[in-house]
Amino acid sequence: MASFFRFWTRQAEIRPFVTIAATEACLSACGDLIAQTLAKHISTEEKPKGYDLWRTSRFILFATCVSPIGVKWHRFLDSRFPIRSPNTWFKTKRRPSSSGHAHSAAAAAARLANRARKKSERKHAAKQVGKRLLCDILLYEPAIYTLFFGSMAVMEGGGLSDAKYRISALLLPTYLTGLTISPIIQTVNFAFIPLVYRVPFGSCFDLFWDSYLSW
């Protein structure tokens, strides 16, 4: 498992768009297959329908096409709202104090200065995470939901009117439902997860969200 993780990280650093697209496609397929499996188990029909692999393929296609947008979006947020140090949230190890009154006083002053600096860094980082989160919630998520419902309508053979209907009927309730969990996940994502892992980290939770969307 550790060797696979190292392999994935190396590939994501060398070929970010291809690696993320493949990862997103796999997670999206799993999400839809989970939804179909659950639907089969709770179905009241004597002979439940088999797996709709065409539906799964539509989810895979959408996830693959949208994944570069996610990569670029996280890069934009990272550069637009940078956090000064990746270790902002973690305590630094204390160095053993030197002997002598003068050295102790200097060490105490240094600790106070370091504590004040860390406090300032954390305050700045919290603001930056908040800005990233607001941009993600107010701009990115509504746009992705709009793309999702519109493209699914078109891929299923519906026209522009069907796409407009789905967007108007499903966008707002889906968006509001997503707000119950996505801010928590994305706060952790923006605050603690390195840039290269942010898209797949969110998509690990989207594995269950995709199940909800494809229900």
Side-chain angles (χ1 to χ4, degrees), residues 16-77 80 131-187 189-190 198-215:
F17 294 106
V18 174
T19 306
I20 297 299
T23 305
E24 294 293 288
C26 291
L27 291 173
S28 182
C30 289
D32 182 62
L33 291 174
I34 289 172
Q36 292 193 48
T37 301
L38 292 175
K40 285 167 66 69
H41 280 293
I42 66 175
S43 175
T44 57
E45 298 177 3
E46 292 184 2
K47 293 183 178 181
K49 296 179 180 179
Y51 286 101
D52 185 351
L53 297 182
W54 282 112
R55 190 181 87 166
T56 303
S57 67
R58 290 193 290 271
F59 273 79
I60 293 173
L61 179 60
F62 176 80
T64 303
C65 293
V66 170
S67 62
I69 301 175
V71 174
K72 286 186 173 292
W73 174 250
H74 281 280
R75 285 180 178 178
F76 164 75
L77 292 179
R80 182 64 182 83
K131 291 174 183 177
R132 293 178 184 181
L133 183 62
L134 281 176
C135 287
D136 195 72
I137 290 174
L138 298 178
L139 300 176
Y140 184 74
E141 289 192 9
I144 290 298
Y145 288 144
T146 301
L147 277 175
F148 175 80
F149 292 121
S151 61
M152 284 298 167
V154 172
M155 284 190 287
E156 289 172 11
L160 185 60
S161 59
D162 186 29
K164 288 181 178 179
Y165 170 75
R166 292 198 192 189
I167 292 170
S168 62
L170 300 174
L171 175 60
L172 184 58
T174 304
Y175 175 68
L176 294 177
T177 302
L179 288 180
T180 60
I181 187 63
S182 64
I184 300 172
I185 296 170
Q186 290 299 71
T187 297
N189 202 4
F190 292 137
R198 283 184 197 153
V199 174
F201 176 83
S203 295
C204 287
F205 295 93
D206 287 345
L207 177 66
F208 304 100
W209 185 242
D210 287 344
S211 301
Y212 168 77
L213 290 176
S214 61
W215 190 267

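No hydrogens, no waters, no symmetry mates; every other heavy atom, side chains included, goes into these values.
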Nearest atoms (heavy-atom pairs only) where [X] meets [Y]:
| X | Y | result |
| --- | --- | --- |
| Glu24 | Ala63 | O-CB, 3.7 Å |
| Phe59 | Asp32 | CE1-OD1, 3.8 Å |
| Leu170 | Thr174 | O-OG1, 2.7 Å |
| Gly50 | Gln36 | O-OE1, 4.3 Å |
| Arg166 | Phe149 | CD-O, 4.1 Å |
| Leu27 | Pro200 | CD1-O, 4.4 Å |

Is there a donor-acceptor contact under 3.5 Å from the side chain of [X] to the main chain of [Y]?
| X | Y | value |
| --- | --- | --- |
| Ser28 | Ala25 | no |
| Arg132 | Phe190 | yes |
| Tyr175 | Ile137 | yes |
| Thr19 | Pro16 | no |

Those residues that, when tested against Asp136, pass side-chain hydrogen bond (donor to acceptor under 3.5 Å, both in side chains) (two or more places apart) =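 Trp73, Gln186.
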With rounding to the nearest 0.5 angstrom, report the [atom1] to [atom2] distance, [X] to [Y].
| X | Y | atom1 | atom2 | result |
| --- | --- | --- | --- | --- |
| Arg58 | Ser151 | CZ | OG | 10.5 Å |
| Thr64 | Ile60 | OG1 | CD1 | 7.0 Å |
| Ile144 | Leu171 | CD1 | CG | 12.0 Å |
| Leu133 | Leu77 | CG | CG | 10.0 Å |
| Thr146 | Lys164 | OG1 | NZ | 13.5 Å |

inquiry  = For Asp52, give me all partners under salt bridge (charged side-chain N to carboxylate O under 4.0 Å, His left out), at least two apart in sequence or on another chain.
reply    =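 Partners of Asp52 under the salt bridge (charged side-chain N to carboxylate O under 4.0 Å, His left out) test: none.
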Any side-chain heavy atom of [X] sitting closer than 4.5 Å to one from [Y]?
| X | Y | answer |
| --- | --- | --- |
| Val66 | Phe148 | no |
| Ser203 | Thr23 | no |
| Tyr140 | Ile69 | yes |

task = Classify the side-chain pair Glu141/Ser182 by whether it contains a donor and acceptor separated by less than 3.5 Å.
result =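 Indeed, the side chains of Glu141 and Ser182 share at least one donor-acceptor pair under 3.5 Å.
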request  = Look at atom CZ of Phe17 and say whether more than 12 heavy atoms of other residues, nucleotides or ligands are closer to it than 6.0 Å.
outcome  =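 Atom CZ in Phe17 is packed in, count exceeds 12.
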request  = Indicate the ring-plane relationship of Phe201 and Phe205, choosing parallel, tilted or perpendicular according to the 30° and 60° boundaries.
outcome  =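 Phe201 and Phe205: perpendicular rings.
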